[in-house]
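Below is one structure; the comments refer to it alone.
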Amino acid sequence: MARFRKDPDPRFWQLNRSIDFDWRLAPYDIDQSQAHARGLMEIGVLSEEELGQIDAGLERVRDRIAAHGFEFDGADEDIHMAVERLLGEEIGPLAGKLHTGRSRNDQVATDVAMVVQAHSLRAIELCGAAMEQLLTLAEAHRDWPMPGYTHLQRAQPVYLGHHLLAYFWMLARDVLRFQFALDSASVMPLGSGALAGVNWEIDRDSVAADLGFEHVTHNSIDGASNRDFVLDYLAAASTCSMHLSRFGSEIVIWSSTEFGFCQLDESFSSGSSIMPQKLNPDSAELLRAKSPRVAANYSTLIGVMHALPLTYGKDMQEDKEPLFDAIDTIELCLDVTEGMLAGIEFDRERMEAASGDEMLAATEVADLLVRGGVPFREAHGIVGDLVRDAVEQGKPLSELTPDDLRRRSEHLDSTYYEVLQRSSWLESKRIAGGTGSVPLAAQLDSARETLAAVKARVVEERS
Ligand code: ARG
């Protein structure tokens, strides 16, 4: 840099350079430069011939990077300087005209917004693929009873299909969050310059359309200093990975010998180096354990942006590593989830046996009393007494005698024994959103519609 008489101290240089991680911006930076050059040509800053040379030169830089990996040298501070240097090697001093009407501040914000758009869409696609597996499994297991849990204690029976669809709806909300991130990254900062705008009346709308942005920023100060779209992506990814961690955790529990509810395919399990019998659910454990690092990436960037005066500060260079790490982690985890689901096997008998525990019908008996006019709180107390009687006598609820029942309430007659028939506990949940097979069929219909809309969205965005 002409102003400087001294070279940077190597320690400062090491701290300041971002090329070691921002090389991943290369294809976006090149696309952006090609669109910017067209914008410069339209206002007469570049001739048509110069545009042709710059465009072709950038294509050669793209090919060089694709073929040999990044050939950056020790003097490259960041990807933007490196692409410009490589372009200079290709086309000579003309490369220097490309930076007219652009600052690295609006340039980097634009590259990063392009990354967020591309990977929000990819996350939506991957959520859709996992949702499809969940829906297929839910349809196949729509009438398999299992215990539902609260506090990891058996609570009330549900159908396995209903339980699996709970994850479907979590991912459906993740899709909405990634869509929000995509929309928030679809406003182009380019043209904001360093912070005040630029002296060249480039047609920003046409550059934006060229690059696939929906809008351009209204305010150059905001344009140069905004990283909300990265935070929006990181927030979406944090919530999504939290969902996957809960799924992973249930699979770890369910696949244990103690539960025996399911088994993962061998291709998603590992063995033990010492215990030959082991089939460990490492994939599910890692879904669980990857989640906090994604949330930490959000926390890193909100910390960087916190209290940062407008507009650009070098602090903002620290947006990239958390973003790239979150992208790599969530995309891998979603893909693994899809693969795990495709090969999982459930054990109908084990689940059904566990759901046959009569204690799970306690709420049903309370509701029977309510139908006879007993206030629910009182009914809850009566059934609590019956449960204690049964536990003390070492019998299931259905083996209490009519005398035992009468001692506790005059409202208990033979319907008590009917209510303890297992299928009635599930089928009595006829309310919309409940586990009964009637609302479950409606839920499956809604899930099919939701999945079709997610897939259509991806196709539309890609076209
Ligand atoms: N490598 C920088 C970043 O990632 C590019 C922008 C540099 N701008 C500046 N004014 N030094 O943020």
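Treat the numbers as computed from the prediction; the structure is a model and nothing was measured.
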Do the non-hydrogen side-chain atoms of [X] and [Y] ever get within less than 4.5 Å of each other?
X    : Y    : value
C240 : L334 : yes
L135 : E132 : no
L94  : I54  : yes
F213 : V187 : no
L332 : V336 : yes
R448 : L444 : yes
D143 : R348 : yes
R62  : P27  : yes

*Please assess S33 against R102 for the test side-chain hydrogen bond (donor to acceptor under 3.5 Å, both in side chains), listing each intermediate value before the final yes or no.*
CA-CA 10 Å; S33 288; R102 185 170 67 168; 3.1 Å; yes
Under 3.5 Å, is there a donor-acceptor pair between the side chain of [X] and the main chain of [Y]?
X    : Y    : value
S241 : A237 : yes
S220 : G223 : no
S446 : A442 : yes
N105 : Y312 : no
R17  : D78  : no
T337 : A130 : no
S245 : M242 : yes
D203 : S206 : yes
D106 : L190 : no

salt_bridge([X], [Y]) N-O dist < 4.0 Å:
X    : Y    : answer
K455 : E461 : no
E89  : R85  : yes
D63  : R60  : no
R177 : D232 : no
R227 : D319 : yes

Consider only side-chain N and O atoms of [X] and [Y], and report whether a donor and an acceptor are under 3.5 Å apart.
X    : Y    : result
E318 : T300 : no
E90  : Q53  : no
E77  : W13  : no
Q133 : E338 : yes
T239 : R173 : no
S355 : R154 : no
Q317 : S18  : yes
D282 : S270 : yes

For [X] versus [Y], what's the shortest heavy-atom pair and its separation?
X    : Y    : value
L323 : L234 : CA-CD2, 4.1 Å
L25  : V108 : CD1-CG2, 4.4 Å
I65  : A26  : CD1-CB, 4.0 Å
H36  : G101 : CE1-O, 3.6 Å
V45  : K97  : O-NZ, 4.5 Å
V304 : D315 : CG1-O, 3.3 Å

Atom [atom1] of [X]: over 12 foreign heavy atoms under 6.0 Å:
X    : atom1 : answer
W200 : CH2   : no
E201 : CD    : no
R457 : CZ    : yes
F324 : CZ    : yes
H380 : NE2   : no
D7   : CG    : no

*What residues, two or more places apart in sequence or in another chain, satisfy ring-ring contact (aromatic ring centres under 6.0 Å, His included) together with Y298?*
none
Roughly how far, to the nearest 0.5 Å, is [atom2] of [Y] from [atom1] of [X]?
X    : Y    : atom1 : atom2 : answer
F247 : S291 : CZ    : OG    : 14.0 Å
D29  : Q107 : CG    : CD    : 4.5 Å
L211 : D111 : CG    : CG    : 9.5 Å
L171 : H243 : CG    : NE2   : 7.5 Å
L40  : L98  : CG    : CG    : 7.0 Å
I344 : S255 : CD1   : OG    : 8.0 Å

*asked:* For H141 and F346, take the angle between the two ring planes, folded into 0 to 90°, and tell me which bin it lands in: parallel under 30, tilted 30 to 60, perpendicular over 60.
replied: perpendicular
*May I have all residue pairs that pass salt bridge (charged side-chain N to carboxylate O under 4.0 Å, His left out) and include part of residues 293-307, sequence neighbours excluded?*
R293-D325
_I want to check a possible cation-pi pair here: R350 against F261, using under 6.0 Å from ring centre and within 45° of the ring axis as the test._
no
*Are E139 and R142 close enough, and set up right, to give a salt bridge (charged side-chain N to carboxylate O under 4.0 Å, His left out), and what steps lead you there?*
CA-CA 5 Å; E139 277 172 331; R142 57 198 291 169; 5.4 Å; no
Pairs under 3.5 angstrom only: tabulate donor-acceptor contacts from the side chains of residues 113-127 to other protein residues two or more places apart or in another chain.
from	atom 1	to	atom 2	distance (Å)
Q117	NE2	A185	O	3.0
H119	ND1	E331	OE2	2.6
S120	OG	V116	O	2.7
R122	NH1	E125	OE1	3.0
E125	OE1	R462	NH2	2.5

*Have a look at H163 and tell me which of W254, Y149, W144 forms a ring-ring contact (aromatic ring centres under 6.0 Å, His included) with it.*
W254
*Could you walk me through whether Y233 and F178 pass the ring-ring contact (aromatic ring centres under 6.0 Å, His included) test, one step at a time?*
CA-CA 6 Å; Y233 177 90; F178 282 118; 5.5 Å; yes
